[in-house]
Amino acid sequence: MEQKKFAQDLVDFIYESPTAFQAVETSKKLLQKNGFRELILNEKWNVEVNGRYYVTKNSSALVAFTVNSQDVEKEGFRIVGSHSDSPTFRIKPKAEMVAEGTYLKLNTECYGGPILNTWLDRPLAIAGRVVLKGENALRPVEKMVNIKKPICIIPNVAIHMNRTVNEGYALNKQKDMLPLVGLINENLEKDNFLLKQLAKELDVELEEIIDFDLFLYEFEKGSLIGPNEEFISTGRLDNLSMAHSSLHALIHANGSKGVNVVAIFDNEEVGSSTKQGADSNMLINILERICLSLQKSREEFFSTIYSSFIISADLAHAVHPNMVDKHDPTSRPVMGKGPVIKINANQAYTSDAQSISVYKSICKEAGVNYQEFVNRSDERGGSTIGPISSTHLDIPSVDVGSPILAMHSIRELGNVEDHYNIYKTFNKFYEI
């Protein structure tokens with residue numbers, strides 16, 4: 001029951017986090033509820049032993065930490081990294097488009113690498129952030145928005161008009177993936193439709209809205225499914241499940257050494273090359289500020305860094321029951337058998353014998369089984385924040401994740417026991 005409760009909490013967490021912006025808001029509420037205090041990037045920090053803190057960047061990335069001791073030079077940072085974003089569709093400026101003088105559509109741009117056809121015929125909602133006029137031009141006001149209703153849909157073409165669709169059809173992102181909003185009439189005007197919706201949702205005047213970062217998401221909430229409710233069916237498992245498990249591990253760990261850290265980056269799905277992404281100095285700057293606030297010298301900061309370890313946490317591919325030949329012949333992770341250590345000869349993952357040994361030992365102490373993943377040698381796989389963050393933070397790192405099916409679908413499939421078990425390994429990591 002504890003595992004199912006934790007999995008249902010994940011489903012709720014994801015439902016309240018339709019974009020990276022809401023994911024950070026949801027994470028902040030969870031942290032504040034558990035005694036964490038917010039630090040502001042452009043203000044002086046006062047960090048103390050036994051303190052609990054968090055800081056955000058761009059409202060879409062978050063770093064939380066607990067200070068367990070003063071002796072950080074020898075005990076280092078214990079970091080679990082993940083990311084807040086998922087593949088989706090971003091709404092373009094001047095989004096309204098009209099077809100046949102009747103249909104109102106929204107112009108969108110694909111974000112990341114979604115499985116396109118899974119987005120068809122699904123009720124979709126809209127969420128993100130809106131920027132309003134402020135008293136100072138350099139300090140506009142930011143508001144989160146979630147139009148939590150099925151406001152649009154991307155309809156399929158009938159098979160009668162696309163007879164070969166089941167033989168394979170290449171969807172065009174500009175032509176085929178535009179969401180239908182409604183029929184233009186006296187109640188639905190095409191001009192400024194979206195801005196009017198935002199003004200109504202935020203209870204502001206239309207003229208106050210300067211710009212927005214808005215994305216589509218599946219309106220239907222995820223659920224636990226299967227005869228024993230052993231599966232988690234929801235969007236954005238990749239990678240909010242790792243953010244969720246690492247946050248709870250940080251909150252509940254009884255750590256006594258060094259500094260425990262959760263880093264949730266944004267923009268992993270598009271390469272991480274942003275100020276709030278893993279390919280920035282965001283994390284290393286925050287780590288140095290922690291040391292400075294603890295009255296450590298720069299030399300002691302470097303000693304702390306080289307006493308540290310990072311777990312790069314992103315989901316892994318389970319063997320697909322209908323396509324078993326897609327996997328390596330000997331390394332074949334499945335759902336329900338524990339966290340997956342991800343390995344790649346070309347360094348798409350950071351795992352090596354030394355860091356793998358550390359994580360295997362953590363699993364053993366946590367009483368959790370582990371699995372290993374490598375790509376077929378004739379297939380090119382993906383990567384994650386691990387190798388990218390290593391270019392800024394040169395410390396031992398291992399890439400791990402829970403095994404799932406249908407990664408990058410609008411609705412991915414994970415396992416209840418796996419989610420709880422990887423949480424247990426993060427918790428143990430923070431305590432040993």
Side-chain angles (χ1 to χ4, degrees), residues 1-14 27 30-31 33-34 36 52 64-66 68 77-83 224 226 228-232 234 237-264 308-316 318 333-342 351 355-373 384 386 396-404 412-432:
M1 286 300 294
E2 188 173 4
Q3 294 178 351
K4 287 185 181 180
K5 183 179 178 182
F6 192 57
Q8 185 58 55
D9 189 78
L10 169 64
V11 171
D12 296 341
F13 178 87
I14 289 176
S27 299
L30 176 64
L31 292 166
K33 183 179 176 181
N34 287 277
F36 284 73
R52 298 181 148 205
F65 59 94
T66 59
N68 302 318
F77 296 104
R78 298 161 193 235
I79 307 164
V80 180
S82 61
H83 63 89
L224 304 186
N228 299 306
E229 294 189 324
E230 63 264 52
F231 296 120
I232 306 169
T234 182
L237 275 176
D238 176 23
N239 193 33
L240 290 183
S241 61
M242 297 297 93
H244 176 266
S245 54
S246 60
L247 284 167
H248 279 273
L250 180 72
I251 288 166
H252 297 120
N254 294 314
S256 61
K257 296 179 180 178
V259 179
N260 293 339
V261 182
V262 162
I264 304 173
S308 301
F309 190 90
I310 183 168
I311 296 175
S312 169
D314 205 344
L315 294 178
V334 294
M335 288 195 290
K337 300 295 184 181
V340 177
I341 301 167
K342 301 190 285 185
S351 311
S355 63
I356 291 171
S357 298
V358 170
Y359 189 71
K360 285 181 177 179
S361 297
I362 291 170
C363 288
K364 185 176 181 180
E365 292 205 24
V368 170
N369 293 325
Y370 60 82
Q371 307 177 83
E372 293 173 311
F373 169 86
T384 184
S397 174
V398 63
D399 272 276
V400 307
S402 299
I404 69 165
E412 298 162 323
L413 189 68
N415 174 257
V416 168
E417 187 175 1
D418 287 332
H419 184 59
Y420 189 71
N421 279 338
I422 204 163
Y423 153 76
K424 286 171 65 178
T425 69
F426 296 160
N427 188 275
K428 181 60 65 175
F429 172 56
Y430 286 141
E431 291 184 346
I432 58 176

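As a basis for the values below, the full set of heavy atoms in this structure was taken, side chains included, without hydrogen atoms, waters or symmetry mates. We number each residue from 1, following the sequence as shown.
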Indicate yes or no: at least one non-hydrogen side-chain atom of N427 is less than 4.5 angstrom from one of H248. no

Does any N or O in the side chain of Y430 come within less than 3.5 Å of the main-chain N or O of V261, such that one atom is a donor and the other an acceptor? yes

Whether the side chain of E431 engages the backbone of N254 through a donor-acceptor N/O pair (distance < 3.5 Å, no angle test) should be reported. yes

What pairs with Y420 under ring-ring contact (aromatic ring centres under 6.0 Å, His included), at least two apart in sequence or on another chain? F6, Y423

Quick check: closest heavy atoms across Q371 and P333, and the distance to 0.1 Å? OE1-CA, 3.1 Å

Reported NZ-to-CG distance for the pair K257 and N68, which is rounded to 0.5 angstrom: 11.0 Å

Check: A64 main-chain N/O paired with R52 side-chain donor or acceptor under 3.5 Å: no

Check for a donor-acceptor pair, side chain of D418 on one end and backbone N or O of G336 on the other, with a separation under 3.5 Å. yes

Would you check if there is a donor-acceptor pair between the side chains of D399 and S351 at a distance under 3.5 Å? no

Atom pair CG (L413) and CE (M335), whose distance is rounded to the nearest 0.5 Å: 4.5 Å

Start with the C-alpha distance between V400 and Y370, add both sets of side-chain angles, then the distance that settles side-chain contact (heavy atoms from CB on, under 4.5 Å), and finish with yes or no. CA-CA 10 Å; V400 307; Y370 60 82; over 6 Å; no

About how many Å separate CD1 of I232 and CG of L10, when rounded to the nearest 0.5 Å? 5.5 Å

Heavy-atom closest pair (E365 atom, K428 atom, distance to 0.1 Å) is O-CE, 3.7 Å

Which one of I362, V80, V262 satisfies the side chain to side chain contact (heavy atoms under 4.5 Å, CB included) criterion with F426? V80

Exam field: side chain K4 to backbone N228, donor-acceptor pair closer than 3.5 Å: yes

H83-D314 side chain donor-acceptor pair, cut-off 3.5 Å: yes

Closest heavy-atom contact between G338 and P403? O-CD, 3.6 Å

Closest contact, heavy atoms only, S402 versus M242: OG-CE, 3.5 Å

Would you give the length of the straight line joining atom CG of L315 to atom CD of E412, rounded to the nearest 0.5 angstrom? 7.0 Å

Could you tell me which non-hydrogen atom of S246 sits nearest to which non-hydrogen atom of S82, and how far apart they are? OG-OG, 4.4 Å

Using modelled atom types and a 3.5 Å cut-off, is there a donor and acceptor pairing between side-chain atoms of H244 and backbone atoms of L240? no

Starting at CZ of F65, measure out to CG of N260 and round the result to the nearest 0.5 Å. 11.5 Å

As an exercise, state the distance from CD1 of I79 to CD1 of I311, rounded to the nearest 0.5 Å. 10.5 Å

Student check: side-chain heavy atoms of Q8 and E229 closer than 4.5 Å: no

Minimal heavy-atom distance between F13 and S27, with the atoms involved, is CZ-OG, 3.6 Å

